[in-house]
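Shown next, in structure tokens, is the structure this report addresses.
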Amino acid sequence: MDQILLEVTVVKEEILNLIKNASDEIALKNVRETHLSKKSKFASLSRYFKDLNKEERAIFGEKINQAAKEIDLAFKNKHDELFFAAYQERLAKEKIDLSLPGINYQVGRLNPLRKVEDEILNIFVSMGYEVYEGPDIESDYYNFERMNIPSDHPAREMQDSFYFNPALLLRTHTSPAQARMMDAKKGEPFKVVCPGKCYRRDDDDATHSHQFMQIEGLVVGHHISLADLKGTLETFLKAIFGEKREIRLRGSYFPFTEPSVEVDISCAHCLGKGCSLCKDSGYIEILGAGMVHPNVLRMSGYDPQEYSGFAFGVGIDRVAMLKYGISDIRDLYQNDLRLFNNFYQER
């Protein structure tokens with residue numbers, strides 16, 4: 001019996017010694033897996049139970065349990081010791097030198113195009129307009145046919161775009177979204193603004209880009225007149241550019257409106273007196289508009305004898321350039337924070 005109890009002590013001390021000398025968590029884990037598994041030397045000590053009487057089993061069992069408790073406690077203490085040592089080492093490596101200058105994280109800005117788009121949409125939403133964005137990839141049918149521009153119409157040359165096939169292209173204006181909205185409304189009155197990107201094959205220079213942003217508006221209802229259009233645009237343009245600005249309408253031509261007008265706004269630099277910026281006219285062209293053409297109404301399921309409407313389209317790029325004094329449209333697509341921060345200076 002004494003020999004068996006001595007063997008328990010020897011095995012226990014061997015394991016305790018291995019735990020004490022473990023240099024890291026991996027070594028400690030290896031000790032547990034090797035010396036406390038079901039096939040380990042410590043586990044095999046239970047074989048003596050069958051050879052002992054009842055009294056001896058009680059003594060042997062107490063010895064084994066006490067050894068197991070000491071080993072578990074040693075494991076716990078060693079684990080805590082190694083964890084704390086690793087934590088202290090990590091703190092030493094990650095020590096912050098408080099004398100070093102801090103990192104200045106630069107805060108980004110909204111692109112002026114997005115800022116102006118939000119401002120315009122907020123104005124029209126406040127006047128009861130819905131907002132609808134159509135697809136960038138559009139069919140020839142919605143982009144041209146539904147806008148009263150058949151395949152042989154010369155206006156197509158002014159809107160040369162990027163085609164995927166003869167019937168599918170990158171839209172040249174956001175007008176197709178208006179046609180889709182008229183289809184959805186099924187002959188009911190409505191007011192909508194349609195923002196989005198447009199694409200035309202064009203030379204890139206200070207005032208032209210193959211991609212640009214546009215917001216078009218459409219109102220369809222009973223007894224809609226040109227006076228309603230003028231009042232709407234005056235409210236909109238004064239909200240964007242200031243109450244002192246004046247507008248004027250000039251006769252023009254667009255296939256999808258009749259009559260059609262060009263809309264000018266008084267020059268901010270000379271306040272309508274005439275200067276080099278406005279070419280001594282006192283006004284700067286800002287957008288195109290007009291009364292919805294009867295053909296467009298008919299194709300959309302509206303009876304021109306009962307319904308009328310007006311439409312307008314404004315380039316977000318142009319508004320942003322005028323509002324922030326940007327001379328080159330390409331600056332709007334460079335994502336240069338130095339330029340963007342300058343655009344947001346108080347004016």
Side-chain angles (χ1 to χ4, degrees), residues 117 129-188 190-204 207-220 224 226 229 250-263 285-304 307-318 329:
E117 179 184 28
Y129 282 69
E130 298 179 63
V131 178
Y132 173 69
E133 295 187 37
D136 284 17
I137 299 176
E138 191 53 272
S139 67
D140 181 276
Y141 172 70
Y142 274 104
N143 195 81
F144 291 121
E145 297 288 342
R146 288 290 295 276
M147 292 299 106
N148 202 34
I149 308 176
S151 58
D152 59 348
H153 200 289
R156 290 202 178 205
E157 294 184 9
M158 300 172 60
Q159 298 189 25
D160 193 9
S161 184
F162 303 89
Y163 283 81
F164 296 93
N165 57 53
L168 206 60
L169 70 155
L170 290 175
R171 65 181 178 185
T172 60
H173 45 186
T174 55
S175 300
Q178 297 178 335
R180 291 181 179 276
M181 179 58 75
M182 284 193 279
D183 288 349
K185 292 300 180 179
K186 300 184 184 303
E188 295 297 324
F190 67 92
K191 298 191 293 185
V192 68
V193 282
C194 305
K197 300 188 184 95
C198 303
Y199 311 85
R200 296 183 189 179
R201 190 194 65 79
D202 209 338
D203 296 328
D204 287 347
T207 58
H208 297 86
S209 173
H210 64 279
Q211 174 188 300
F212 57 97
M213 295 188 67
Q214 190 178 59
I215 289 182
E216 293 196 33
L218 174 65
V219 175
V220 176
I224 304 298
L226 194 63
L229 170 62
R250 293 181 290 108
S252 186
Y253 168 76
F254 302 109
F256 34 84
T257 54
E258 179 61 39
S260 304
V261 293
E262 296 283 358
V263 182
E285 181 183 330
I286 189 69
L287 60 88
M291 301 302 294
V292 181
H293 198 289
N295 290 347
V296 174
L297 290 172
R298 288 192 194 93
M299 285 187 285
S300 303
Y302 288 86
D303 183 357
Y307 287 94
S308 58
F310 64 75
F312 58 88
V314 58
I316 300 175
D317 311 67
R318 183 158 182 77
I329 191 174

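These numbers come from the heavy atoms of this one structure, side chains and all, not from hydrogens, waters or symmetry mates.
- Listed by chain and residue number, nothing satisfies the side-chain hydrogen bond (donor to acceptor under 3.5 Å, both in side chains) test with Tyr163 (two or more places apart in sequence, or in another chain).
- For the pair Ser300 and Met182, the tightest heavy-atom approach, listed with the atom from each and the gap, is OG-CE, 3.2 Å.
- Listed by chain and residue number, Arg180 satisfy the salt bridge (charged side-chain N to carboxylate O under 4.0 Å, His left out) test with Glu138 (two or more places apart in sequence, or in another chain).
- From Leu168, atom CG reaches atom CD1 of Ile137 across 6.5 Å, with rounding to the nearest 0.5 Å.
- Scanning for ring pair (Phe, Tyr, Trp, His ring centres under 6.0 Å) contacts around Phe312 gives Phe124, with sequence neighbours left out.
- Phe144 pairs by the ring pair (Phe, Tyr, Trp, His ring centres under 6.0 Å) definition with nothing, not counting sequence neighbours.
- Of the possible polar contacts, one joining the Thr174 side chain to the Cys194 backbone as a donor-acceptor pair under 3.5 Å is found.
- A 6.0 Å sphere centred on NZ of Lys197 holds no more than 12 heavy atoms belonging to other residues, nucleotides or ligands.
- Expressed to the nearest 0.5 Å, how far OG of Ser308 lies from CG of Asp303 amounts to 11.0 Å.
- Remark: Glu258 pairs with no residue by the side-chain hydrogen bond (donor to acceptor under 3.5 Å, both in side chains) rule, at least two apart or across chains.
- Ser175 pairs by the side-chain hydrogen bond (donor to acceptor under 3.5 Å, both in side chains) definition with His173, Glu216, not counting sequence neighbours.
- The two atoms that bring Ile149 and Pro255 nearest to each other are CG1-CB, 3.7 Å, heavy atoms only.
- Here OG1 of Thr172 is found 7.0 Å from CZ of Phe212. Values are rounded to the nearest 0.5 Å.
- Evaluation of the side-chain hydrogen bond (donor to acceptor under 3.5 Å, both in side chains) rule for Lys185 yields Glu130 as partners, not counting sequence neighbours.
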Quiz item: Which is it for Phe254 and Glu262 under the side-chain contact (heavy atoms from CB on, under 4.5 Å) test, yes or no, and what are the steps along the way?
Solution: CA-CA 10 Å; Phe254 302 109; Glu262 296 283 358; 3.7 Å; yes

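- Here Pro294 pairs with Arg298, Pro304 under the side chain to side chain contact (heavy atoms under 4.5 Å, CB included) rule; sequence neighbours left out.
- Here Glu285 pairs with Arg250 under the salt bridge (charged side-chain N to carboxylate O under 4.0 Å, His left out) rule; sequence neighbours left out.
- Note: Phe190 and Tyr302 have tilted aromatic rings, judged against thresholds of 30 and 60 degrees for the angle between ring planes.
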Exercise. Let me see the working for Ile215 and Ile316 under side-chain contact (heavy atoms from CB on, under 4.5 Å), right down to the final yes or no.
Key: CA-CA 7 Å; Ile215 289 182; Ile316 300 175; 3.5 Å; yes

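- Residue Leu226 holds its CG atom at 10.0 Å from OG1 of Thr257, rounded to the nearest 0.5 Å.
- Among residues two or more places apart in sequence or in another chain, the side chain to side chain contact (heavy atoms under 4.5 Å, CB included) test is passed with Phe162 by Leu170, Tyr199, Arg201, His210.
- Closest of all the heavy-atom pairs between Ala311 and Leu218 is CB-CD1, 4.1 Å.
- The side-chain heavy atoms of Ile224 and Tyr307, taken from C-beta on, include no pair separated by under 4.5 Å.
- The line from CD of Gln214 to CG of Leu287 is 10.0 Å long, rounded to the nearest 0.5 Å.
- Heavy atoms only, all atoms of each residue included: Pro195 and Glu117 are closest at CB-OE2, 3.3 Å.
- With sequence neighbours excluded, the residues forming a salt bridge (charged side-chain N to carboxylate O under 4.0 Å, His left out) with Arg146 are Asp183, listed by chain and number.
- Listed here is the closest heavy atom pair of Asn148 and Met299: N-CE, 3.9 Å.
- Once rounded to the nearest 0.5 Å, the distance linking CG of Leu169 with CG of Asp136 reads 11.0 Å.
- Applying the salt bridge (charged side-chain N to carboxylate O under 4.0 Å, His left out) criterion to Glu145, with sequence neighbours excluded, gives Arg156.
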